[in-house]
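To start, the structure itself, in structure tokens.
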Amino acid sequence: MILLRGRTLSFITEPEGIDDRASYRYFEDGGILIDKGHIVATGDFGPLASGIGKDAEIVDHRPHLILPGFIDAHVHMPQMQVIASYGAELLDWLNNYTFPEETKFRDAQHSRRIARLFLDQMVSQGTTTVAAYCTVHKASAEAFFAEALSRDMRVIAGKCLMDRNAPEGLRDTARTGYDDTKALIAEWHGRGRLHYAITPRFAITSTDEQMAACGALANEFPDLHIQTHLSENRAEIDYTQTLFPWSKDYTDVYERFGLLGHKTLFGHCIHLTEREADALSDSGSVAVFCPTSNLFLGSGLFDYHRYKRRPKPLRVAAASDVGGGTNYSMLRTMDEGYKVIALQGEKLNPLASFWQMTLGNARALSLEAHVGTLEPGTDADIVVLDARATPGMALRMETIETLAEELFLLQTLGDDRAVREVYVAGKPAKGA
Ligand code: GUN
Ligand code: ZN
């Protein structure tokens, strides 16, 4: 048993405003009791401490904030050496930088090295759950799942299916994509805390035949996540229309092949028509907001509040989308998200922002029974945040009076330096 002591914060529902005290549970001198990788209890430290045996270890994180670990709903493991590639919009960025880099993952050793460094990086940023893309190569997914399993992390991931419009060495076929996906599901899905996601990269890199194969997989494995990209960039949308001339719009391509649904995660969704937004909403599909990537690639401004407030609201997640995205940190991601939303005349309040990084993303990924809160029975995936981590932060903290202000400071100035410790399945993992 281990008992963490500090200021605990966990959301119960989506905050409706900056004063929505009922949306979260906060204990000024709080405790989180952990046993065998799970949270047993969260509450006031005193009563928890008096109820535990002598062999329990107490770890004092005062005066820091203790929250559920962050969740990144869309990120590319093989793009660590693509970040900061200069001067291109999506399709040129893919062809000139990303695809050449991803071909390297046919090498199992390279896949293992990057998978290890990737999860090191995510954990050091306080991100304990990711929905990750591997490359087209089966070896890249094998490496990723093996690494996540060895750390006992809850992750969603899959190998990309892509059988056209990509270079030699980065294509499968409708048949091999289907067979490899099935073999990976059999080998990894449900082991430890691993979840397999059927991962057609995007419509441009799959033939009708491969999209149909993805539909068949979705039919055979209705509980699995599906992850792909949708409506990120104008040239991408136009090209998709020429490749699928029978489609009403981009969303219709995925719809016709049976790929919409409650567990489908659509990266970007920047330029959706009302019909497309209705289709996502009616099916319960998730639109994933990737602010740093959308800015970096000049893709456009995701209209977070329009999507959430329309008569048929969308389920929304937030994500780094590294390496189109420019930072691994969910704090940095939501800081840019705040600015994208501000450019559209709205404000995302800090409670809603931290809800999004934790419980909001857990719900979007249908993982709220396991992660995203500090509720008893859930996984002990936890982040400890220090709002005085740098001299600039410490100085600003002198003038801060409320929890919401402190969260906003953490988001606006914070990064991995503000992440003091991370627990994965109840074990300290930041320095591990
Ligand atoms: N669309 C298809 N593949 C990708 C990718 O790797 N990154 C981004 N941002 N968009 C994509
Ligand atoms: Zn992406």
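Counting starts at 1 for both ligands and their atoms, in listed order.
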Using 4.0 Å as the upper bound for N to carboxylate O, is an ion pair formed by [Y] and [X]?
X	Y	value
Asp386	Arg417	no
Glu346	Lys308	no
Glu274	Lys312	no

Of all the atoms in ligand 1, which lie at a distance below 4.0 Å from a heavy atom belonging to [X]?
X	result
His76	5 (C), 6 (O), 7 (N)
Leu90	8 (C), 10 (N), 11 (C)
Leu94	2 (C), 3 (N), 4 (C), 5 (C), 6 (O)

What's the count of protein N, O or S atoms under 2.8 Å from the Zn ion (ligand 2)? 4
Polar proximity ligand 1 side, [X] side, N/O cut 3.5 Å exclusive:
X	answer
Thr98	no
Glu102	no
Trp93	no

Can you list the residues that meet the salt bridge (Lys or Arg N to Asp or Glu O under 4.0 Å) rule with Arg275, with sequence neighbours excluded? Asp249, Glu255
Test of understanding: given a 4.0 Å heavy-atom threshold, classify the contact between Glu236 and ligand 1 as side chain, backbone, both, or neither. neither
So does Met162 get a backbone contact from the side chain of Asp172, meaning a donor-acceptor N/O pair under 3.5 Å? yes
Expected list for residues 182-191: side-chain donor-acceptor pairs under 3.5 angstrom, two or more places apart:
unit_1	atom_1	unit_2	atom_2	d
Lys182	NZ	Tyr178	OH	3.2
Lys182	NZ	Glu220	OE1	2.6
Trp188	NE1	Glu142	OE1	3.4
His189	ND1	Tyr196	N	2.9
Arg191	NH1	Glu187	O	3.2

According to the salt bridge (Lys or Arg N to Asp or Glu O under 4.0 Å) rule, which pairs have a member within residues 103-112, sequence neighbours left out? Glu101-Lys104
